[in-house]
Protein chains: 2
Amino acid sequence: MNSNTTYLADVLKSMAQATRLKIIEFLRDGERCVCEIFPAIDEEQSNTSRHLAYMQTHGILSRRKDGVKIYYAVKHPEVFEIVDRATAIVRREVEQRSEMINLAGRG
Amino acid sequence: MNSNTTYLADVLKSMAQATRLKIIEFLRDGERCVCEIFPAIDEEQSNTSRHLAYMQTHGILSRRKDGVKIYYAVKHPEVFEIVDRATAIVRREVEQRSEMINLAGRG
DNA sequence: TTATTGTATGACTATATAGTCATATATACC
DNA sequence: GGTATATATGACTATATAGTCATACAATAA
């Protein structure tokens, strides 16, 4: 459980960053090359490349070469399930906090 | 979706770290005070306290005071679902990599 | 009031991370 | 061969993070 905790953390880290989340979202529709990804998420090519490499190294993206282009795809359906569940948490938190504000407003 | 991406990343970051994962695992059985948590996960009290505060601030832990003791609990069931799915990814990756090694070994 | 216990935090260090710019490398095309 | 396009990476900066130690603070007990 201990050495696995590190791998587990690495997998989660591969999703726990704004730019990487944008990449994951864009890859919902399937495999895309770097040249499609970086303009879509509005990030520099080099920065996008680094994040893609990071995610692939940590096992959440697959990488396929076709000529000059490199195609990346989300490798495990669990990645989307994780993002969806995190989104549910965020929604509930936002809801809850706005309720608190309403209660405070009413005095 | 953009400002939300930051919140989303923060929620995932609250799980994407070895010490925090140990805390989450320990809290599977429910609410626990700091004095129970830090010996269980074998971390310093101060470090544990910081991580607990971080997770609570980012909305994945609840905090309850009872006398001198502070009780923390995982606030959303999705947290465990996320950890479980990340574990499934790790398992599959480990499997896959050991298969690769076997293939390579056989020449 | 003083001592004890449980938790949080200031100050600090070491390391990791995200991002940028320039450039290297690889494939394809002429 | 030379040129264009796609991707990766070295070198760097700024910031964030995890951890430690000492100490502050809060609640309770004596």
Side-chain angles (χ1 to χ4, degrees), chain A residues 2-27 31-74, chain B residues 2-27 31-74:
Chain A
N2 214 325
S3 68
N4 254 31
T5 307
T6 306
Y7 284 115
L8 201 53
D10 284 341
V11 164
L12 287 165
K13 265 181 202 158
S14 303
M15 306 171 216
Q17 203 275 340
T19 302
R20 298 203 276 270
L21 283 170
K22 287 195 285 178
I23 292 173
I24 292 170
E25 270 322 303
F26 184 64
L27 293 179
E31 198 186 52
R32 291 276 183 271
C33 69
V34 184
C35 60
E36 295 171 294
I37 298 170
F38 81 84
I41 65 168
D42 195 32
E43 289 288 338
E44 292 247 333
Q45 181 271 322
S46 64
N47 190 31
T48 305
S49 178
R50 279 186 211 284
H51 282 295
L52 290 167
Y54 184 98
M55 291 189 271
Q56 197 251 329
T57 300
H58 291 91
I60 73 162
L61 294 189
S62 64
R63 195 188 122 111
R64 185 176 68 84
K65 198 171 176 169
D66 183 13
V68 216
K69 298 190 179 178
I70 310 284
Y71 289 86
Y72 287 95
V74 171
Chain B
N2 215 325
S3 67
N4 254 31
T5 307
T6 306
Y7 284 114
L8 202 52
D10 283 343
V11 164
L12 287 165
K13 264 180 203 157
S14 303
M15 304 170 217
Q17 202 275 344
T19 303
R20 297 203 278 268
L21 284 171
K22 289 195 283 178
I23 292 172
I24 292 169
E25 271 322 305
F26 184 64
L27 293 179
E31 195 186 54
R32 290 276 183 271
C33 68
V34 184
C35 58
E36 294 172 295
I37 299 171
F38 82 84
I41 65 168
D42 195 31
E43 289 288 339
E44 292 247 334
Q45 181 272 322
S46 63
N47 191 32
T48 305
S49 178
R50 277 185 213 287
H51 282 296
L52 289 166
Y54 184 99
M55 293 190 270
Q56 197 252 329
T57 302
H58 292 91
I60 73 163
L61 294 188
S62 63
R63 196 187 122 112
R64 183 176 70 83
K65 199 172 177 172
D66 183 14
V68 214
K69 298 189 179 177
I70 310 284
Y71 289 86
Y72 286 95
V74 171

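Computed over heavy atoms, backbone and side chain alike; hydrogens, waters and symmetry mates excluded.
Between Thr19(A) and dG19(C), a side-chain N or O to OP1/OP2 separation shorter than 4.0 Å is present. At least one side-chain nitrogen or oxygen of Arg63(B) sits closer than 4.0 Å to the OP1 or OP2 atom of dA8(C). Look at Ser46(A) and you won't find any side-chain N or O under 4.0 angstrom from OP1 or OP2 of dT7(D).
In this structure, CG of Asp42(A) is placed 16 Å from C1' of dA18(C), rounded to the nearest angstrom. Between the C1' atom of dA8(C) and the CG atom of Leu52(B) lies a distance of 11 Å, rounded to the nearest Å. In this structure, Ile70(A) atom CD1 and dT5(D) atom C1' are separated by 13 Å, rounded to whole Å. For Tyr71(B) and dA27(D), the OH to C1' distance is 13 Å, given to the nearest whole Å. Spacing between atom CD of Glu44(B) and atom P of dG6(C) amounts to 16 Å, rounded to whole angstrom units. Rounded to a whole Å, the NZ atom of Lys69(A) is 13 Å from the C1' atom of dA4(D). Atom CD of Glu43(A) is separated from atom P of dC21(C) by 12 Å (rounded to the nearest Å). In this structure, Arg64(B) places its CZ atom 12 Å from P of dT7(C), rounding to the nearest Å.
The closest donor-acceptor contact from the side chain of Gln17(A) to the backbone of Thr19(A) lies under 3.5 Å. Remark: the backbone N or O of Ile41(B) is paired with a side-chain donor or acceptor of Lys22(B) at under 3.5 angstrom.
Scanning all heavy atoms of the two residues, the minimum distance from Phe38(A) to Glu44(A) falls at CB-O, 4.2 Å. Annotation for Val34(B) and Pro39(B): closest pair O-CD, 4.2 Å, computed over non-hydrogen atoms. The two atoms that bring Tyr72(B) and Ala53(B) nearest to each other are OH-N, 4.4 Å, heavy atoms only.
At the heavy-atom level, Tyr72(B) lies under 4.0 Å from the strands shown only through sugar-phosphate atoms.
Here the straight-line distance linking atom CZ of Arg64(A) with atom CD of Glu31(A) works out to 4.0 Å at 0.5 Å rounding. Taken from CD1 in Ile37(B) to CG in Asp42(B), the straight-line distance is 14.0 Å, to the nearest 0.5 Å. Between the CE atom of Met55(B) and the CG atom of Leu61(B) there is a distance of 5.0 Å, given to the nearest 0.5 Å.
Considering only residues two or more places apart in sequence or on other chains, Ala9(B) meets the side chain to side chain contact (heavy atoms under 4.5 Å, CB included) condition with Leu21(A). Judged as a side chain to side chain contact (heavy atoms under 4.5 Å, CB included), and not counting sequence neighbours, the contacts of Ser62(B) are Ala73(B), Lys75(B). Residues satisfying the side chain to side chain contact (heavy atoms under 4.5 Å, CB included) criterion with Glu36(A), sequence neighbours excluded, are Phe26(A), Arg32(A), Cys33(A), Tyr71(A).
Comparing dG19(C), dT7(D), dA8(C) against the side chain of Val34(A) picks out dT7(D) as the nearest. Taking every side-chain heavy atom of Ser49(A) into account, dT7(D) is the closest of dT7(D), dA8(C), dT17(D). With dC21(C), dG19(C), dT7(D) as the candidates, the nucleotide lying closest to the side chain of Gln17(A) is dG19(C).
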Just by protein heavy atoms under 4.0 Å, how would nucleotides 11-16 of chain C read 5' to 3' in B, S and -? B-----
With sugar-phosphate taken as primed atoms, P, OP1 and OP2 and all else as base, the protein-contact string of nucleotides 23-30 of chain C at under 4.0 Å (heavy atoms; B, S, -) is ---BBS--
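If Glu36(B) and His51(A) are placed on DNA chain C by their nearest nucleotide, the residue sitting closer to the 5' end is Glu36(B).
Rotation axes derived from the C1' atoms of the five outermost pairs at either end of the helix from dT1(C)-dA30(D) to dC30(C)-dG1(D) lie 10° apart, to the nearest 10°.
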Please determine whether side-chain contact (heavy atoms from CB on, under 4.5 Å) holds for the pair Arg20(A) and Met15(A), giving the CA-CA distance in whole Å, both sets of side-chain angles, and the decisive distance to 0.1 Å. CA-CA 6 Å; Arg20(A) 298 203 276 270; Met15(A) 306 171 216; over 6 Å; no
